[in-house]
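A note on names: the letters A, B, ... follow the listed sequences, proteins ahead of strands, and every chain is numbered from 1. Note that these values count all heavy atoms, side chains included, but never hydrogens, waters or copies made by symmetry.
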Amino acid sequence: MSRKGLWVAAVVVIVSNVFALGRTAANRVGEPEATLDLTERELRQAPRETENTAMGLRLTWIDPAANAQEPGWFDAAKLAEIGFDCSRPVTAENASHYRTQPPRSTYAVLENEGAAWQRYLAAPPAGAERDVLERQSHLVLIDVGHDPWALRVRYPNRRRTVIVPAIAGMAFVNDGKRTPFVRGRVNVTYPMELNVPRHLRPVLESMPPGARSAFNRRFDRPGQPLADAPHYRVTVKWGRSLEPWIESVQATGQTFAP
Amino acid sequence: MIQTRDERTTDARQDAQRRVDQVSAFTRELVELERVGVLALPPGQRDQIERYHSDVLATLARRFDVDRTDEQRQMALGMRAASLLGAVTLSAAVVLFFYRVWGLLTTPAQVTSLIAVPLLMLLAVEVAARREPTRYIASVLSLVAAASFALNLSVVGAIFNMTPTPLILAAWAAFALTVAYTYGLRLLLAGGVIAAMGYGVAAVASATGLDWSVSLVRPEPLLLLGPLAIAASFWPSGVRPEGFARTWRLVGVCALLLPLLFLSTWTEVFSYRLLPLNVLHAVYDIAGFGLPVAAIWYGIRRRWTDVVSTASGFLVVFTYAKCFDWWWDLMPRYLFFLLVGGLAIGTMVILGRLRLRLKEV
């Protein structure tokens, strides 16, 4: 083969990158699809590694119905709406049919400090303490669907709700004590981690050593006095392709108490 | 079709190696014929042949860097292993170095360096290919270039928080196939074909709404892609590097046969269920036995030893898997293993008789 293959390979590299950068630019043009003010609760710092100098923030959300003893809103009808085959009766005999269905791509609606969060605080899981719940993410999964624009029509508040690409799975629940049922769950939302550009890192890098792990540790030990509030606030925007970028990072002024 | 200088060099080196092997085989056979008394060359003629062959071998070794002895061939194998190890470790070094420094760079600097590295590696491959006819260094650098491009695509996605897409596989496949054909690199060809197949499987999964990152749980598209790869090995190409047809064939056979193992045994888990399950069970069971047998038969006819070996290995594994699937729950364990052992011996007897018949033919 002649050396024009070398030029073809170079063109492949350039075209791929132009496509990716063009898509990013198109995503950020015009009005954002959503703008949320999130805190350390919803955007936790990813563990830092010696071999990786990048910094990322992990988007954290909660699904209050995840461990409930009933399907809730993510029932068989919702699962069928996003493409799962729920045509067979939900019985123990059909358990294999439901358990072998692979995860599906969908879109998830996350609501920040909205009605779903207030309901969750008002009726917390048994044994959960309010101050522990307060330190969880206030971003709540409230719906899924295969058409993001239809979801946006249903949830028009762009400052409180965001629609993100997600992967949903199905759980077949049969504990022998009650009628079996299927319940959906969102396994992953994209992106799992938001890249922090270098010019926005100083606030996050200024946090005292151990602050992040202490924040998580206090969350993990209910009942301990919790003196800390989130140390930073992050404004995140989502564009037309439902891909986010970090607009700003600000310190909240909370001092860290060991 | 007019060949470039390098294409002529590649073909010429292959011809030179075949000539050297031919001379070696002739020399060994001549010794054997003289030993058993079938042939006795006059001394003058024997010296003339030896001088001629000596000149030929020296010329070929000087011009084309061919292997003249078994020791040299073993050394060449060692060099291939070393080049593979070198490629893997250098690729890891490039990737890890970038992860070590990218957090210190601004976004424009990150993107610029990510695009520049694979382009610079392509340039390095070209320089190495021009300077070294054997292309060991070029093959190492090409694998590093491919790894750099994979790093480029994945990190650009991470920088801009992009949703993962199977198009990454298509882009990488295009890059790998282009470089493989340009420099005659079989390993990169195999990687490119596999990536292209991966894109096909992922694209079908995405189109049906499945999460493409776990699309291997639905490998049925490979049953079409495998034969396409095998068909590509027959494509009449004016200039096809040595071994490419074999690589296409081998990847195609693996892509066709491997999914059958899972589809036949766990149809309800791995199938798109376009037909009723009982029909699919029967189809995949028949295909699991029939296709490798057909591959063995055709591979013997065409002297494709790699196809025969691969299909034979698959048939053995598939047979044992089906025996387990059918009989494990039906009989005592000792009887099951006795049956499977008997099956193995029966297979050996049949293959032995087949081998004898082939010898007679």
Short side-chain to backbone donor-acceptor contact, B/Ser206 and B/Ala203, under 3.5 Å: no
Checking B/Leu119 against chain A: side chain, backbone, both or neither under 4.5 Å from a heavy atom? side chain
Look at A/Arg159 together with A/Asp37 and state whether they make a salt bridge at an N to O cut-off of under 4.0 Å. yes
Using a heavy-atom cutoff of under 4.5 Å, enumerate the residues of residues 10-26 of chain A that contact chain B, numbered in order, or state 'none'. A/Ala10, A/Val12, A/Val13, A/Ile14, A/Ser16, A/Asn17, A/Phe19, A/Ala20, A/Leu21, A/Arg23, A/Thr24
Which of the residues B/Leu105, B/Val179, B/Val101 is involved in the greatest number of heavy-atom pairs with chain A at under 4.5 angstrom? B/Leu105
Heavy-atom pairs under 4.5 Å with chain A, option from B/Leu104, B/Thr107, B/Val156 with the top count: B/Leu104
Is B/Tyr272 atom OH crowded by more than 12 heavy atoms from other residues, nucleotides or ligands, each under 6.0 Å away? yes
Honestly, the part of B/Phe160 sitting under 4.5 Å from a heavy atom of chain A is both
Step through the shown structure and confirm whether more than 12 heavy atoms of other residues, nucleotides or ligands are within 6.0 Å of CZ on B/Arg246. no
Contacting region of B/Leu153 [heavy-atom separation from chain A under 4.5 Å]: side chain
Does A/Trp149 CH2 have over 12 foreign heavy atoms under 6.0 Å away? yes
Given side chains that start at C-beta, do those of B/Arg131 and B/Val127 come closer than 4.5 Å, heavy atoms only? yes
Does A/Arg44 come within less than 4.0 Å of A/Glu40, counting only side-chain N to carboxylate O? no
For atom CZ of B/Phe262, decide whether the heavy atoms of other residues, nucleotides or ligands shown that lie under 6.0 angstrom number more than 12. no
Is it the case that B/His281 and B/Thr267 place a side-chain donor and acceptor less than 3.5 Å from each other? yes
So which residue, B/Phe175, B/Trp266, B/Trp102, ends up with the most heavy-atom pairs under 4.5 Å with chain A? B/Trp102
Side-chain ion pair, A/Glu51 and B/Arg100, N-O less than 4.0 Å: yes
Specify which of B/Leu96, B/Asp211, B/Asn161 makes the most heavy-atom pairs with chain A at under 4.5 Å. B/Asn161
Option that, when pairs with chain B are counted at under 4.5 Å, heavy atom only, ranks first among A/Pro102, A/Pro165, A/Pro191: A/Pro102
Tell me which one of A/Arg152, A/Arg240, A/Lys237 satisfies salt bridge (charged side-chain N to carboxylate O under 4.0 Å, His left out) with A/Glu33. A/Arg152
Is any side-chain heavy atom of B/Leu189 closer than 4.5 Å to one of B/Tyr181? yes
Below 4.5 Å from any heavy atom of chain B, which atoms of A/Leu194 appear? Answer side chain, backbone, both or neither. both
Under the ring-ring contact (aromatic ring centres under 6.0 Å, His included) criterion, do A/Tyr98 and A/Phe84 qualify, and how do the steps go? CA-CA 9 Å; A/Tyr98 288 101; A/Phe84 285 93; 9.5 Å; no
Comparing A/Glu49, A/Met192, A/Arg201 against chain B, the one with the most heavy-atom pairs below 4.5 Å turns out to be A/Arg201
Relative to chain B, which segment of A/Thr50 carries a heavy atom at a distance below 4.5 Å: side chain, backbone, both, or neither? both
From the list A/Ala168, A/Ala54, A/Ser241, the residue making the most non-hydrogen contacts under 4.5 Å with chain B is A/Ala54
Part of B/Ala171 within contact of chain A (heavy atom distance under 4.5 Å): both
Which one, B/Thr165, B/Val214, B/Thr208, leads in non-hydrogen pairs under 4.5 Å with chain A? B/Thr208
Heavy-atom pairs under 4.5 Å with chain A, option from B/Glu268, B/Gln110, B/Arg218 with the top count: B/Arg218
